[in-house]
Amino acid sequence: MPELPEVETIVRDLRSEIVGRKICGARFLTRSVWRRRNPSARLLTGAHITALGRRGKNILVFLSNDHVLIIHLKMTGRLTLESRETPIKKHTHFIIDFEKGQLRFNDIRRFGYLDLVKKDGFLEVSYLRALGPDALEISRDDFMGLLKSKKRIIKAFIMDQSMIAGMGNIYTDEALFCAGIHPKRVSSTLSRIKAGNLYSAMRDVLEKAIAARGSSVDDYVDGKGERGSFQDQHFVYGREGEPCKRCGRAIKRIIIGSRSTHFCPGCQR
DNA sequence: GACAACCTGACC
DNA sequence: GGTCAGGTTGTC
């Protein structure tokens, strides 16, 4: 699913559209997508949307009744604002009705989840508390310290949400390419220069991806149902066998931590 | 750390 | 028929 840039794009889009709107109804089409119990519709109906936020790859929808709706899109989840007239697609599991338009949660594989929790102390919910600092908020010093302190394969380390929140398979591969680091390197062995390069590359690729409204490799669409364009700027992800844009050698694909990993054997050491 | 599990669909 | 997919969690 969406990684940090895609989730951020959705949050920004929806923020300008639905903050201030009143919920006039909620429809629960699939019970199992709720992380805990299926909340009663009266916990939503009548409330206003007061703010939207993001914690790692989790979308946070703040309500005027002191509750927060937490949404994780995992691999194929979509959260879109649509008109009532638009036919409801297959695999739509939850709908919030506004006076005009509806917010729809759709997820082909049903890996994604929804959760409605009390706003008071909501960050203490287990799966949010377990997240490390956001990839766009962690300081350079903290990042370097974290790398030094762990003997982990760098690719797995960057993707570990309890270390840094927000990085997924695409942007980890892209950041490692931009920093010239082989994905199998051990985090603690990187020089200060290389570690600093990785920090800069991570921020840079995330910011550029947000500017391009995310990567639409397969299912991802933004809050309006439109595709992003950052996939056109990928250096390695999804380019196995194609020439490296820097040195011309063929991009390789290997498996690390059971995840597909793309890199340039010429540029990454 | 490796790997299966959760699901559906696209592609070979 | 088999393989693969932007993620996370739980189990050896």
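Since we're looking at a predicted model, the values are computed, not measured. In the text below, chain A, chain B and the rest are named by the order of the sequence lines, each starting its count at 1.
A cation-pi arrangement is not found for A:R239 relative to A:F177, the charged atom failing to lie both closer than 6.0 Å to the ring centre and inside a 45° cone about the ring normal.
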Determine all donor-acceptor pairs shorter than 3.5 Å in which one atom belongs to a side chain in residues 246-256 of chain A; sequence neighbours excluded.
{"from": "A:R253", "atom 1": "NE", "to": "A:E240", "atom 2": "OE1", "distance (Å)": "3.2"}
{"from": "A:R253", "atom 1": "NH1", "to": "A:S260", "atom 2": "OG", "distance (Å)": "2.8"}

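For B:dG9, one of the phosphate oxygens OP1 or OP2 lies less than 4.0 angstrom from a side-chain nitrogen or oxygen of A:H91. At B:dA10, none of the side-chain N or O atoms of A:R109 fall inside 4.0 Å of OP1 or OP2 (strictly under the cut-off). Residue A:K57 places at least one side-chain N or O closer than 4.0 Å to OP1 or OP2 of C:dT8. Not one side-chain nitrogen or oxygen of A:S216 sits closer than 4.0 Å to the OP1 or OP2 atom of C:dG6. Between A:H72 and the phosphate of C:dT8, there is a side-chain N or O to OP1/OP2 separation shorter than 4.0 Å. For C:dG7, neither phosphate oxygen OP1 nor OP2 lies less than 4.0 angstrom from any side-chain nitrogen or oxygen of A:Q161.
With a glycosidic angle no more than 90° from 0, C:dG6 adopts the syn conformation.
Counting only Watson-Crick and G-U wobble pairs whose two key distances fall under 3.5 Å, DNA chain B forms stems of three or more stacked pairs at B:1-6 with C:7-12, B:8-12 with C:1-5.
The side chain of A:Y237 lies closest to C:dG6, out of C:dG6, B:dG9, C:dT8. Of the candidate nucleotides B:dC7, C:dG6, B:dG9, B:dG9 has the atom lying nearest to any side-chain atom of A:K90.
A:V68 and A:L128 fall within the same hydrophobic cluster, where Ile, Leu, Val, Met, Phe, Trp and Tyr residues are linked whenever their side-chain heavy atoms come under 4.5 Å apart, directly or through other members. Neither A:F230 nor A:I10 shares a network with the other; the hydrophobic side chains, linked directly or stepwise wherever heavy atoms of I, L, V, M, F, W or Y lie under 4.5 Å apart, form separate groups for each.
Between the side-chain ring of A:F111 and the base of C:dT8, no stacking contact exists by the 5.5 Å and 30° definition.
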Extract from the structure each pairing of a protein N or O with an N or O of nucleotides 1-4 of chain B at less than 3.5 Å, listing the distance.
none

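If you measure from atom NE2 of A:H262 to atom P of C:dC4, you get 11 Å, rounded to the nearest angstrom.
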